[in-house]
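Model, not experiment: these values are computed from the prediction. Note that these values count all heavy atoms, side chains included, but never hydrogens, waters or copies made by symmetry. Here is the naming used below: chain letters follow the sequence lines, and residue numbers restart at 1 for every chain.
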Protein chains: 2
Amino acid sequence: MPLAPLKLSQSLEDYLEMVYMLRKENGIARVKDISTALAVKMPSVAKAVLELKKLGLVTQEPYAGVELSKDGEKLAHQILNRHLLLKLFLMKLGVSEATANKDACSMEHILSAETLSKIGIFVNEFRKKGSSK
Amino acid sequence: MPLAPLKLSQSLEDYLEMVYMLRKENGIARVKDISTALAVKMPSVAKAVLELKKLGLVTQEPYAGVELSKDGEKLAHQILNRHLLLKLFLMKLGVSEATANKDACSMEHILSAETLSKIGIFVNEFRKKGSSK
DNA sequence: TTCTTAAATTAGCCTTGACTAACATTTACC
DNA sequence: GGTAAATGTTAGTCAAGGCTAATTTAAGAA
């Protein structure tokens, strides 16, 4: 159970999440694409990938794409789910998609489990009581 | 109009807000009390106060309490309002007071104006439609 | 008044996470 | 296959924001 005590920094969470998303979209997560997507330079990505490797969350052959380990996959999935929940939540409140996406990105790293859980409940209630969509 | 373009870091916002709160509660904001309240050491407070002085948000005589400038007062007030709005919002969702307080503290530094505005609307609607309290 | 203690400050260090510049490798095109 | 361009890596710098240790000032007790 190496996942329970693992607490990533905000920025590492962002990198891990982006690896996951790029692999989902493109089948591969290249340093260049990560750097573009997160608006940082390539050396910053390289450094972050090193960290994630040390933590056993990704693997990477030099000069090749970044792969997710079993643990990395699981964790990235959790993070992405949090992101999607928060984005949906904000949009229910009437926030525009672009802003919802941006703010979800910040919120996903800082909210406590309790708050996330209550937000989940709210989103579900909202769905049931049937808004327009 | 020196307030419009002024964008504090998260940590400076925390310090400024705490000065405001302590002065409200105790009449004086001492370095020691700020340090205790924010769970940092006194030298960190001293450094932050220096920054806030440079920005013209606080004044301070050596070895005395921290005072707020006109601008500092206004800004601190805004930050605290954001905090209170978010705390109330989370509690409406069913989050416990302690957690609401903690998460409001993190959220208050990162949310966009649009999201804050929508949250404000939600809280008001909620009040009208009359929940239990 | 003097001495002890608490509070505040200063100096200097450390980590995180970005950056640029320089170098290495791979890819792609001729 | 050889070379230009794109991609990846390494080395070293910087700023923010913490910290400890050492010093200075203020305050309170003997």
Does A/Tyr15 have a side-chain nitrogen or oxygen under 4.0 Å from the phosphate oxygens OP1 or OP2 of C/dA18? yes
Of all the choices, C/dA8, C/dG17, D/dG17, which nucleotide is nearest to the side chain of B/Lys47 once you look at every atom? D/dG17
Rounding to an integer number of Å, can you tell me how far B/Asp33 CG sits from C/dA7 P? 8 Å
Whole-Å gap separating C1' (C/dG17) and CE (A/Met42): 17 Å
For A/Ile28 and D/dG8, give me the distance from atom CD1 to atom C1', rounded to whole Å. 13 Å
Check step by step if salt bridge (Lys or Arg N to Asp or Glu O under 4.0 Å) holds for B/Glu97 and B/Lys102. CA-CA 9 Å; B/Glu97 172 158 12; B/Lys102 177 173 149 301; over 6 Å; no
In this structure, how many angstroms lie between the C1' atom of C/dT10 and the NZ atom of B/Lys53, rounded? 13 Å
Rounded to whole Å, CG of A/Leu12 lies from P of C/dA18 at a distance of 8 Å
For B/Val40, does its backbone N or O pair with a side-chain atom of B/Ser35 as donor and acceptor, under 3.5 Å? yes
Should the pair A/Glu51-A/Lys54 be classified as a salt bridge under the 4.0 Å nitrogen-to-oxygen rule? yes
Is the shortest side-chain N to carboxylate O distance from B/Lys92 to B/Glu125 below 4.0 Å? no
Given D/dC19, D/dT7, D/dT10, which nucleotide is nearest the side-chain atoms of B/Pro43? D/dC19
Whole Å only: how far is the NE2 atom of B/His109 from the P atom of D/dA16? 18 Å
Can you tell me if the side-chain N/O atoms of B/Ser44 get under 4.0 Å from OP1 or OP2 in D/dG17? no
Between B/Arg30 and C/dA7, does any side-chain N or O lie under 4.0 Å from OP1 or OP2? no
Rounded off to whole Å, could you give me the CG-to-P distance for the B/Leu50 and D/dA15 pair? 17 Å
So B/Ser11, base contact, sugar-phosphate only, or nothing? Heavy-atom distance under 4.0 Å. sugar-phosphate
How close or far is atom P of D/dG17 from atom CG of B/Leu8, stated in whole angstroms? 10 Å
Nearest nucleotide by nearest heavy atom, which residue falls closer to the 5' end of DNA chain D, B/Ala39 or A/Ala29? A/Ala29
More 5' along DNA chain C: B/Ala46 or A/Ala48, using each one's nearest nucleotide? B/Ala46
A/Tyr63 or B/Pro62: which one's nearest nucleotide on DNA chain C is closer to the 5' end? B/Pro62
Under 4.0 angstrom, heavy atoms only, what part of the nucleic acid is A/Gln60 near: base, sugar-phosphate, or nothing? sugar-phosphate
If only side-chain N and O atoms count, and only distance matters, is there a donor-acceptor pair under 3.5 Å linking A/Thr99 with B/Glu114? yes
Can you tell me if A/Lys41 touches the phosphate of C/dC19, counting only side-chain N or O atoms and a distance under 4.0 Å to OP1 or OP2? no
